[in-house]
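On a predicted model such as this, the values are computed, not experimentally measured, just so you know. Here is how names work: the chains are called A, B, and so on, in the same order as the sequence lines, proteins then strands, and each is numbered from 1.
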Amino acid sequence: MKSVVAIGSLITLMWASLILVLIFIERTLLNAPLPSAWRSIAGISLYLIWALAWLLAVLKISRALIGRMPYPSGREGDPARV
Amino acid sequence: MSTYVQAFVLTVAVNALTAYALTTPMFARLMKRVGHTRPDMHKPGRPDVPYSGGVPLYIQTMAALALIGVAYAELRLKALLLAATITVAFAIGLVDDLKRLGGLTKTALTILIIVPIVAAYLLWPGDVALGRPIVPILGRLRLTLIYWLLLPLSLAGAANVVNMLDVFNGVMPATTLVASATIASSLLLVYGEAPCILLFAPLIGALLGYLPYNKYPARMLNGDSGSLFVGAYIGAVAMLTRMEFVAMITLIPHILNGALVIASVGGFKEHREMRGRPTFLTPDFRLAATREPTAPISLTRLILAIEGPMSERQVVRRLVALEAVSALLALVSSLLTPAQVYTP
């Protein structure tokens, strides 16, 4: 269950960081002395950055893991689904 | 035990029993007789298995929803909305089961799933509340502009990510069962004794009765008619009860899988339209990750890259375990949420 520990840890970090981002936006950013529209744009941008950063990080980690697979590919049999 | 929890347990039990003993086996026999089957690709000999398991799931769920709508006046509108929403999702899935829609076409059509809820919100704003989802620590979200921007994609997203992880026997009903039970428990934690918990009873009961037929080795395959409507159901109940955050956390494995696949292939594509395969079957029928750089990156491929070739059963166990991790985080989120008052 090595994969569950690895991916589960990743999921936990994602969750924890989302909560932190949520608290920061709702308690700090939305109380900043800026026009309401700018506060909203800044908040939405931060959520987008969070999502993109995680997606890119997970893609990069995945490609690295797949590239360094210690397991032999073996003989390619029937292509399985996703 | 409170009356709503009692009604929940009773509905789940009766629904599960009828799904297991009646609806699913009857439909499976009918589908085999008319030749509506698909080969199970990961088994030796690729046996033909009855397809479109979404039909008995849908029938079972709708029957229980109708009973809840009749028995509980305070849930009537929400039950009706749920029924309309999942019908749209089910119809799209069924068309795909029968005619095979393209990836982009199917995704675009699933945006229509939100229509009944948005229409109800515009017609009866006092009875259907949207926006300001409940979040941990803070209570209610203030930055709701992002909610309205994401709304058209919300149910389409839930339906499609559940569909995209429906790749092995038993994964869809097992993971969505965990997700549904988690959100139902979260409703109790956040709202206390409230009728909204009953909204999950039809789905949980139907999935419990159906799972024995879809788990390895499957005697019934879901089809898009199953996965799209189950995903839409979870998303719709979450929306109607303001539990979007908890639902999102509990569906992280599905969302992660969907995001990885879409990002790695550069868009919405059906399996048939993708270049390269992420996994392959070894001569002893174990699954293994390919090294093809153009192949989509999926959660399954990641699991196999970390642990090496394994059987379908082993992969499914890991996917369900990941769902359990997300479910735990969702429950922790609910425990961190200040108590709310449920308004029907």
Side-chain angles (χ1 to χ4, degrees), chain A residues 1-16 18-20 22-27 29-31 36-37 39-48 51-52 54-56 58-82, chain B residues 41-42 46 135-138 141-143 145-146 149 164-165 167-168 245 249 252-253 256-257 259-261 263-264 271 274 276-283 285 287-291 293 296-309 317-318 321-322 325-326 329-330 332-333 336:
Chain A
M1 288 278 186
K2 235 180 353 178
S3 58
V4 174
V5 172
I7 301 170
S9 304
L10 204 69
I11 289 173
T12 307
L13 279 171
M14 282 174 69
W15 169 80
L18 178 59
I19 300 229
L20 287 173
L22 197 66
I23 293 171
F24 173 74
I25 291 172
E26 294 281 315
R27 286 223 167 123
L29 200 59
L30 293 186
N31 292 327
S36 162
R39 288 199 302 257
S40 299
I41 291 168
I44 292 168
S45 303
L46 203 51
Y47 281 127
L48 275 171
L52 275 168
W54 270 109
L55 180 62
L56 289 171
V58 175
L59 267 173
K60 202 171 170 76
I61 293 168
S62 305
R63 289 199 168 107
L65 280 169
I66 288 164
R68 289 171 202 177
M69 272 193 305
Y71 311 102
S73 296
R75 189 172 65 83
E76 292 267 342
D78 296 319
R81 287 178 68 205
V82 175
Chain B
M41 302 295 282
H42 304 139
R46 292 188 187 175
V135 292
I137 299 165
L138 305 161
L141 199 68
R142 279 168 59 198
L143 184 56
L145 183 56
I146 193 160
L149 287 172
M164 287 169 87
L165 199 57
V167 289
F168 300 119
F245 185 86
I249 300 301
I252 282 180
L256 193 58
N257 180 69
L260 280 173
V261 170
S264 58
H271 298 121
M274 292 180 190
R277 285 282 180 255
T279 61
F280 68 95
L281 286 171
T282 62
F285 277 89
L287 289 153
T290 61
R291 290 178 195 275
I297 296 172
S298 62
L299 210 51
T300 303
R301 195 179 180 196
L302 203 50
I303 289 169
L304 294 169
I306 294 170
E307 293 199 54
R317 270 187 219 129
R318 279 143 180 83
L322 285 171
V325 169
S326 298
L329 295 173
V332 170
S333 302
L336 292 172

With A/I25 via side-chain contact (heavy atoms from CB on, under 4.5 Å) - residues at least two apart: A/V21, A/L29, A/L30, A/L46, A/Y47, B/L143
Heavy-atom side-chain proximity of B/L141 to A/L22 below 4.5 angstrom: yes
Residue part contacting chain B, namely of A/L59, when any heavy atom lies under 4.5 Å: both
Verdict with supporting geometry, A/M69 and B/T290, side-chain contact (heavy atoms from CB on, under 4.5 Å): CA-CA 10 Å; A/M69 272 193 305; B/T290 61; over 6 Å; no
Selection from A/L48, A/L56, A/N31 maximising heavy-atom pairs under 4.5 Å formed with chain B: A/N31
Rounded distance (nearest 0.5 Å) linking atom CD1 of A/I66 with atom CG of B/L304: 9.5 Å
Gap separating the OG atom of A/S40 from the CG atom of B/L149, nearest 0.5 angstrom: 10.0 Å
A/S3 OG to B/E307 CD distance, which is reported to the nearest 0.5 Å: 3.5 Å
A/G67 versus B/R291, closest heavy-atom pair with distance: O-NH1, 3.9 Å
Best-contacting candidate, B/L336, B/L165, B/I249, against chain A by heavy atom pairs under 4.5 angstrom: B/I249
Close side-chain approach of B/L302 to A/I61, heavy-atom, < 4.5 Å: no
Candidate pair A/R63 and B/S264, rule side-chain contact (heavy atoms from CB on, under 4.5 Å), full reasoning: CA-CA 10 Å; A/R63 289 199 168 107; B/S264 58; 4.2 Å; yes
Winner by heavy-atom pair count (cut-off under 4.5 Å) against chain A, out of B/V135, B/I137, B/L299, B/L322: B/L322
B/I252 portion near chain A, given a 4.5 angstrom heavy-atom threshold: side chain
side-chain contact (heavy atoms from CB on, under 4.5 Å) between A/W54 and B/L256, intermediate numbers included: CA-CA 10 Å; A/W54 270 109; B/L256 193 58; over 6 Å; no
Heavy-atom side-chain contact between A/K2 and B/I303 under 4.5 Å: no
Side-chain heavy-atom pair B/V332, A/W15 within 4.5 angstrom cut-off: yes
Straight-line distance of B/L329 CG to A/T12 OG1, nearest 0.5 Å: 4.5 Å
Any donor-acceptor pair under 3.5 Å from A/E26 side chain to B/R142 backbone: yes
Side chain / backbone / both / neither for A/I23 at chain B, heavy atoms under 4.5 Å: both
Proximity breakdown for B/I297 and chain A, heavy-atom pairs closer than 4.5 Å: side chain
Top contributor to chain B interface from A/S62, A/G8, A/A6 [non-hydrogen pairs under 4.5 Å]: A/S62
From CA spacing to verdict: side-chain contact (heavy atoms from CB on, under 4.5 Å), B/V325, A/I7: CA-CA 10 Å; B/V325 169; A/I7 301 170; over 6 Å; no
